[in-house]
Amino acid sequence: MEGASMHENSTMTLGDVEIDTASVLALDSSLYSLSPAQAAFFKTQTGIDDDKDLKKHILEVQAKAYKLAPYPCIHGFGFLRLSLSGFSVYEHILKLGRERPDAVLLDIGCCFGVDARKAAADGFPAKNIIASDIVNEFLQLSHELFKTTPASYPGSFLPGDVFDPEFLSIAAPSNDVSPVPAIELSSLKSLNPLHGRISAINAIAFFHLFNEEKQLHIARALAGLLSAQPGSVICGADTGAREKGITTTTISGVEYQMFAHSPETWSSLWDGEVFEKGTVEVKAELVEIPVYDKPYLMLMWSVTRL
């Protein structure tokens, strides 16, 4: 996620999405809900078995995060949804973690890194998982949410800006499938040493924070990180459209304008513009999901090296 930037005219930006600060919603605890699977996960991870105590704990972390950046996914508890585990490619990602030596999973724009924690719980080696966000406080709140410390949790957190070349420069997609020595992820100061070395990248709800030009920049940057080994994959879910362009959405009275791709334009961007045509398989489909009880078009996608 991108941090919130304040402007003199009482607006703020989340990435490139501008909102009126006067329209920022107050937190609403009635929106809190956990499915049985989500409740089981958070109880196991936090050690909090009582439902009321767990809710209180999560609400406290939510309030701290919302002061940092009032994202709808924080307001509406989207961070509790274990989103990556619902993807069809998720089992493939876990298999990479089990079977590919030193496979690395990157959770980019991760907020609290909940998807990274879930993957670790499901068997992807935690020491090979790196979660990254521009808001370092979100990464610190991950430890608060999950009641861990840097010493007790073997996964790595790395704050940084994907548009800063010192943190993530654009490199051509790798064609080298030869094995490489493992890197101690906890020692990294940037993502650049991981060019051509990452087996799976989770970028859920990240691209749609930016305009068309910046989305292409991020795609090129992440493509340069991806391993050339067949089966290496980038996946995500973003605001989608039947025809690419600016979409205007009102969520609980707050208006958001975002650039959205169609399945066709998103597929052609990855297969032919970012990667050489025919070297990746792109799956992209529009799915209507409920957001604050209203239908919302999301583009669910994955890009897999062939």
Using the benzene-type ring in the case of Trp, are the ring centres of Phe259 and His261 under 6.0 Å apart?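 Yes, the ring centres sit under 6.0 Å apart.
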Pair Phe163 + Phe210: ring centers closer than 6.0 Å: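 Yes - the distance between ring centres of Phe163 and Phe210 falls below the 6.0 Å cut-off.
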Check for me whether Arg117 meets the cation-pi criterion with Tyr153, that is, NZ or CZ under 6.0 Å from the six-membered ring centre and within 45 degrees of the ring axis.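 Yes - Arg117 lies over the ring of Tyr153, closer than 6.0 Å to its centre and within 45° of its axis.
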Using the side chain to side chain donor-acceptor pair (under 3.5 Å) criterion, which residues pair with Arg197? Sequence neighbours excluded.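 Not a single residue meets the side chain to side chain donor-acceptor pair (under 3.5 Å) criterion with Arg197.
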Which residues share a side chain to side chain donor-acceptor pair (under 3.5 Å) with Ser302, sequence neighbours left out: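 Listed in chain order: nothing, the list is empty.
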Sorted by first residue and then second, give each ring pair (Phe, Tyr, Trp, His ring centres under 6.0 Å) pair with at least one member in residues 81-100; sequence neighbours left out.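 For residues 81-100: none.
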Quick one: side chains of residues 179-189, donor-acceptor pairs under 3.5 Å with protein atoms, not counting sequence neighbours, listed by atom name and distance.
from: Glu184; atom 1: OE2; to: Ser186; atom 2: OG; distance (Å): 2.8
from: Ser187; atom 1: OG; to: Glu184; atom 2: O; distance (Å): 2.7

Inter-residue atom distance [X].[atom1] - [Y].[atom2], 0.5 Å rounding:
X      : Y      : atom1 : atom2 : answer
Met300 : Leu286 : CE    : CG    : 10.5 Å
Leu194 : Ile201 : CG    : CD1   : 9.5 Å
Leu105 : Asp115 : CG    : CG    : 9.0 Å

side-chain hydrogen bond (donor to acceptor under 3.5 Å, both in side chains) partner of Ser199, chosen from Gln229, Arg100, Arg305: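 Exactly one pass, corresponding to Arg100.
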Test side chain to side chain contact (heavy atoms under 4.5 Å, CB included) on Val61 and Phe112 and set out the steps. CA-CA 10 Å; Val61 176; Phe112 305 131; 4.1 Å; yes
Suppose the criterion is side chain to side chain donor-acceptor pair (under 3.5 Å): which pairs have a residue in residues 212-224, not counting sequence neighbours?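 Those involving residues 212-224 are Asp16-Lys214, Glu212-Lys244.
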Flag the pair [X] / [Y] as yes when at least one side-chain heavy-atom distance between them is below 4.5 Å, and no otherwise.
X      : Y      : value
Ile74  : Phe138 : yes
Val280 : Val282 : yes
Asp161 : Leu168 : no
Ile218 : Phe206 : yes

Please determine, by modelled atom types, if [X] and [Y] share a side-chain donor-acceptor pair under 3.5 angstrom.
X      : Y      : result
Tyr256 : Thr239 : no
Thr149 : His143 : no
Gln257 : Thr248 : yes
Ser174 : Asp176 : no

Atom of Leu269, atom of Ala219 and distance for their closest heavy-atom approach: CD2-CB, 3.8 Å
On a heavy-atom basis, which atom in Ser142 and which in Phe157 lie closest, and how many Å separate them?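 Result for this residue pair: OG-CZ, 3.4 Å.
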Go through the steps to decide whether Leu34 and Phe41 satisfy the test side chain to side chain contact (heavy atoms under 4.5 Å, CB included), and finish with yes or no. CA-CA 10 Å; Leu34 291 175; Phe41 171 74; over 6 Å; no
Sole residue of Asp51, Asp49, Asp53, Asp50 in salt bridge (Lys or Arg N to Asp or Glu O under 4.0 Å) with Lys43: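 Option passing the salt bridge (Lys or Arg N to Asp or Glu O under 4.0 Å) with Lys43: Asp51.
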Using 30° and 60° as the class limits, which term best fits the ring planes of His75 and Tyr66: parallel, tilted or perpendicular? tilted
One pair to check against side chain to side chain contact (heavy atoms under 4.5 Å, CB included): Gln62 and Phe77. What are the steps and the verdict? CA-CA 8 Å; Gln62 179 208 28; Phe77 297 97; 3.3 Å; yes
Residues which pass salt bridge (charged side-chain N to carboxylate O under 4.0 Å, His left out) with Asp122, listed by chain and number, not counting sequence neighbours: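 For Asp122, the residues satisfying salt bridge (charged side-chain N to carboxylate O under 4.0 Å, His left out) (neighbours in sequence not counted) are Lys118.
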